[in-house]
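Notes to accompany the following structure.
The sequence lines fix the lettering, A, B, ..., with proteins before strands; numbering per chain opens at 1.
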Number of protein chains: 2
Amino acid sequence: MAVTKADNQYLDIEERVNKIFSPERGSMQFCPVKDILGHFADKWSIFTILALGKREKLRFNELKEMVEGISQRMLTVTLRSLEENGLVERKMYQEIPPRVEYWLTPLGRSLLEKILELASWSSMNMEAIVEARNKFAAKK
Amino acid sequence: MAVTKADNQYLDIEERVNKIFSPERGSMQFCPVKDILGHFADKWSIFTILALGKREKLRFNELKEMVEGISQRMLTVTLRSLEENGLVERKMYQEIPPRVEYWLTPLGRSLLEKILELASWSSMNMEAIVEARNKFAAKK
DNA sequence: CCGTATCCGAAATGATACTG
DNA sequence: CAGTATCATTTCGGATACGG
């Protein structure tokens, strides 16, 4: 039986996915990749990383201005999480009033690249998605 | 004053981000890109898309098996959302017992590519992240 | 088999007040 | 300025029961 190009397409994807989530890299019960993906797959992390990408360093309130709609609490929580995962560094100056600076680590900058591509995809396909939504709503 | 290569790096990123979230593409108050990004930036959508990528078509319970830990409810909710946004198509056969098939649209497949890169990044940088977490925990 | 409907507890997030 | 602490609210998600 011939193996078509189309068949190979799915086998290829399956192979890539399986490689990423391979058992050697963690049990199925606690997969580190799932854990890591789950950690950054939220809008505040994504928008915070995008904001941090714009400058070399940023202060807390500068970030709060740039990440629209984020509360002080969620910015704190998000930054701590990013710091904990090695994507962001934080430096506090012992001055009055206090000054705190945040910036992306090289690891953070490498993730930024992927997030930019995702954001770019959203931007490019916006019309198609809005159209799909309207079509879906009309069917109901 | 000389503009260094490093300076240009941040200006470049800022330009790219601003272009993606440009005002012409939606007001700051309701930015479609933010809306769209927010929609797919959750783990169930991401893992469901990855699972769908593995095959041409999949039935509901096949998907439920593949997306580990997902409940029937969340799979339904996630699939409806993906369908609503034009990433997934659904076909129901009027048989008994009923059979329903889901598959990625071309739009969905293009997003899959970006998600694969994100997942791949997670996989590649797993060790660095775990190390960062340990270092962070030790500092406390 | 593939859902929907409902309820409920847990977790995420916002609002507000307070502090070094 | 840059948080922390607390409380209120909303949202998420699991469990269960039922239906086409």
Touch class at under 4.0 angstrom, heavy-atom based, for A:Tyr93 against every strand present: nothing
Donor-acceptor contact present, side-chain A:Thr76 to main-chain A:Gln72, <3.5 Å: yes
B:Ser123 side-chain N/O to B:Ala119 backbone N/O, donor-acceptor pair under 3.5 Å: no
Mind calculating the distance between [atom1] ([X]) and [atom2] ([N]) to the nearest angstrom?
X        : N      : atom1 : atom2 : value
A:Arg59  : D:dG3  : CZ    : C1'   : 13 Å
B:Arg80  : D:dC12 : CZ    : P     : 17 Å
A:Glu62  : D:dA2  : CD    : P     : 8 Å
A:Glu101 : D:dG3  : CD    : C1'   : 16 Å

B/S/- contact track for nucleotides 14-20 of chain D, protein heavy atom under 4.0 Å: BB----B
Kindly write out the residues that satisfy salt bridge (Lys or Arg N to Asp or Glu O under 4.0 Å) with [X], not counting sequence neighbours, or none if the list is empty.
X       : result
B:Glu65 : none
B:Lys64 : none
A:Lys43 : none

Aromatic B:Tyr10 / basic A:Arg55 pairing, under 6.0 angstrom, 45° off normal: no
Stacked cation flag A:Lys114 on B:Trp121, 6.0 angstrom / 45 deg: no
Outermost DNA chain C nucleotides near chain B [under 4.0 Å, heavy atoms]: C:dC1 to C:dT6
Duplex segments of DNA chain C, taken as runs of at least three Watson-Crick or G-U pairs that stay under 3.5 Å: C:3-20 with D:1-18
Under-4.0 Å salt bridge between B:Arg99 and B:Glu101: yes
Short N-O contact, B:Glu113 and A:Arg16, less than 4.0 angstrom: yes
Contact nearer the 5' end of DNA chain D, comparing B:Asp42 with A:Val100: A:Val100
Same apolar cluster: B:Trp103 and B:Leu63, side chain cutoff 4.5 Å: no
Criterion side chain to side chain donor-acceptor pair (under 3.5 Å) on B:Tyr102 and B:Arg90, from CA distance to verdict: CA-CA 5 Å; B:Tyr102 294 91; B:Arg90 171 184 188 269; 3.3 Å; yes
